[in-house]
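First the structure, in the form of structure tokens, and then the observations on it.
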Amino acid sequence: FVLDMNWHTKASWTGYSWDHALFPDPSTLLGALHARGLRVSLNLHDALGVGEWEDAYLDFCTAIGVDPDAPSGGDRVPLDLTSASRLAA
């Protein structure tokens, strides 16, 4: 089951934080879909990085050693999918 666009907040073309106005309880939704034997994927555009509006922005910055007040690239931190530390974060 693919949740294409609009599952995430609308601050950008992409995102990593659920839009709780549309999906108030993502865990329950995912559990119900899994209970029906469905696997779930979420569409995102990782090349745009992790924006400062994301729920996990501060934790992400801390995990990869980036100052959240002065990230490279302006208001977002690049997500390098070839970096083990960024993938683990």
Side-chain angles (χ1 to χ4, degrees):
F1 187 86
V2 178
L3 287 172
D4 196 5
M5 295 303 299
N6 296 324
W7 67 269
H8 54 75
T9 57
K10 309 306 183 280
S12 175
W13 173 248
T14 190
Y16 300 90
S17 303
W18 286 93
D19 180 343
H20 290 284
L22 295 176
F23 302 97
D25 189 353
S27 295
T28 298
L29 169 68
L30 295 175
L33 292 171
H34 289 154
R36 289 174 173 79
L38 297 171
R39 294 182 183 193
V40 180
S41 66
L42 305 173
N43 182 6
L44 56 89
H45 299 272
D46 52 287
L48 295 177
V50 179
E52 64 185 357
W53 55 85
E54 300 294 353
D55 296 339
Y57 179 74
L58 292 176
D59 291 337
F60 181 73
C61 288
T62 299
I64 63 170
V66 169
D67 179 355
D69 295 322
S72 59
D75 62 349
R76 37 180 109 222
V77 175
L79 179 61
D80 179 1
L81 295 178
T82 65
S83 167
S85 65
R86 291 189 183 209
L87 286 175

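Residue numbers run from 1 in the order of the sequence given. Keep in mind the model is a prediction, meaning the values are calculated, not measured.
When side chains are defined from C-beta on, K10 counts as touching L22, because their heavy atoms get closer than 4.5 Å. The shortest side-chain heavy-atom distance between F60 and L79 falls under the 4.5 Å cut-off. Two residues are said to be in side-chain contact when any heavy atoms from C-beta on lie closer than 4.5 Å; L42 and W18 meet this criterion.
Taken from CG in L33 to CZ in F1, the straight-line distance is 5.5 Å, to the nearest 0.5 Å. In this structure, H8 NE2 and L3 CG are separated by 10.5 Å, a value rounded to the nearest 0.5 Å. Atom OG of S12 is separated from atom CD of E52 by 11.5 Å, given to the nearest 0.5 angstrom. Rounding to the nearest 0.5 Å gives a distance of 14.5 Å between CG of L30 and CZ of R39.
Grouping the Ile, Leu, Val, Met, Phe, Trp and Tyr side chains by contacts below 4.5 angstrom, directly or via other members, places L38 apart from V2. The hydrophobic cluster containing M5 does not contain W7, counting ILVMFWY residues as joined when their side-chain heavy atoms lie under 4.5 angstrom apart, directly or transitively. A continuous path of hydrophobic side-chain contacts links V66 to Y57 [ILVMFWY only; heavy atoms under 4.5 Å]. In the hydrophobic clustering of ILVMFWY residues, with side-chain heavy atoms under 4.5 Å counting as a link, F23 and V40 come out together.
Looking at every heavy atom in both residues, L48 comes nearest to R76 through O-CD, 2.7 Å. Heavy-atom minimum distance, E54 versus G15: OE2-CA, 3.2 Å. Closest approach of Y16 and G49 over heavy atoms only: CE1-O, 3.4 Å.
Under a 3.5 Å cut-off, the side chain of S17 and the backbone N or O of T9 do not form any donor-acceptor pair.
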